[in-house]
Protein chains: 2
Amino acid sequence: MEIDIGARLKSVRQGRKLSQRELARRAGVTNATISLIEANQVNPSVGALKRVLDGIPMSLAEFFAFEAPAPRKAFYKADELAEVGKGKISYRQVGADLTGRALQILVERYAPGADTGRVMLSHDGEEGGVIIRGRLEVTVAGQVRVLGPGDAYYFESRQPHRFRNVGKEPCELISACTPPSF
Amino acid sequence: MEIDIGARLKSVRQGRKLSQRELARRAGVTNATISLIEANQVNPSVGALKRVLDGIPMSLAEFFAFEAPAPRKAFYKADELAEVGKGKISYRQVGADLTGRALQILVERYAPGADTGRVMLSHDGEEGGVIIRGRLEVTVAGQVRVLGPGDAYYFESRQPHRFRNVGKEPCELISACTPPSF
DNA sequence: TTTCGATGTTCAATATATTGAACATTCTGA
DNA sequence: TCAGAATGTTCAATATATTGAACATCGAAA
């Protein structure tokens, strides 16, 4: 493969001033595993690499982020918008990689009965959206409203909020939020 | 591991309308490999996953970009969207008053022949959008593309850009930009 | 010097990913 | 209805990752 996983891991590990053994202990693998990975003498499993990175800690996305210096795409065909989420709620994101971006734009789909649940997330930023098809019950800070095609919403993300498709047909909407930081 | 590699791969593969065998052929692995990975019955090696993604094609960074996404959004907002535009190009804005807001969300309508003009707009921030109806020619930093329903774009606003409806029917799209400076 | 602790390396044993081929199912066209 | 092609699945055989333990090297302290 074109990318040097061994050098990448070694660089990351040494950047945190961790020995192979210490990282191995935190990650729950043996030091031999780390030695072999860094020497590129094995082709690690995703699971093993994930465990190792958990010990750092670093996400797989971060670990591989360096390999994508490709010029940022400006256009996305409908079928190349990656579908995320299974079950009743799914969304397709404009642009696969969010790092460094100021905006997250999603095409969201709620199956009949779909519900984000009472879990009210609180994060910084603001978000809004426009309903394309179907009907959606939106709850924000205690206020409830059922929105249809052409209707829209906008609020500060720290306010408790919830989405629910109370109709009989799928609901599709386009949303934007900022910043897309987690 | 916490992320569902199988579901992610399946989603990506199906999004590109590829069969397991077709993807396997392009990637240079067997269809069994892809079947097993998608069923989460194996813990694929990074190399194997890389080869599979090469067949799509998609980078590992893109593949794992969804490792940490959990944007749940929703809030309710008015259904009377303020009319901002004029003539062949009109905008209906989500939220009447932008002061203090981090996001501007618009429902834009381009009549046939509508054109933002040869003079490339240029301002700070980033913007993106998704086409709802009709066809729109988008030019960004010299790149030209005609987008249809479901297609999307995203770019930094400082790059010269231009929108033009080259079709015979009105084009409608939903866009977002930040900050809402004109 | 010598010993000790910590480092990274190597290798046989074991666990597991990948293959190759067969299987069942679904769909389409005749 | 049938035949063929295309789909996803399963499993024994094989290839390879991971382990556990031993090895070598280095620097610090006595």
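Side chains included, hydrogens not; waters and symmetry mates left out as well; all remaining heavy atoms used. Lettering of chains follows the sequences in order, A, B, ..., and the numbering in each one begins at 1.
Counting heavy atoms from C-beta outward, Leu136(B) and Asp151(B) have side chains that stay 4.5 Å or more apart.
When rounded to the nearest whole Å, the span between NZ of Lys10(A) and P of dG8(C) equals 8 Å. Remark: P of dT7(C) and CZ of Arg25(A) are 11 Å apart, rounded to the nearest angstrom. A straight line from CG of Leu23(A) to C1' of dG8(C) spans 13 Å, rounded to a whole angstrom.
Nucleotides of DNA chain D that come within less than 4.0 Å of any heavy atom of chain A span, from the 5' end to the 3' end, dA17(D) to dA22(D).
Minimum interatomic distance between Arg135(A) and Asn165(A) (heavy atoms only, all atoms of both residues): O-OD1, 3.1 Å. Residues Arg51(B) and Val29(B) share a closest heavy-atom pair of NE-CG1, 3.8 Å.
Aromatic ring pairs are classed by plane angle as parallel below 30°, tilted from 30° to 60° and perpendicular above 60°; the pair Phe64(B) and Phe64(A) is parallel.
Ala48(B) comes within contact range of the sugar-phosphate backbone alone, with a heavy-atom separation under 4.0 Å but no base atom that close. As judged by a 4.0 angstrom heavy-atom cut-off over every strand, Ser35(B) is placed among the base-contacting residues. Among the atoms of the strands shown, only primed sugar atoms or phosphate atoms (P, OP1, OP2) are found under 4.0 Å from some heavy atom of Gln41(A). Residue Leu36(B) is in base contact, counting any heavy-atom pair closer than 4.0 Å across all strands shown. Counting non-hydrogen atoms under 4.0 angstrom, Arg13(A) reaches the backbone sugars and phosphates but no base.
In terms of modelled atom types and a separation under 3.5 Å, the side chain of Asp4(A) and the main chain of Arg8(A) share no donor-acceptor contact.
Using a 4.0 Å cut-off between a side-chain N of Lys or Arg and a carboxylate O of Asp or Glu, Lys50(A) and Asp54(A) qualify as a salt bridge.
Both Ser45(B) and Gln20(B) lie near DNA chain D, and the one whose nearest nucleotide falls closer to the 5' end is Gln20(B).
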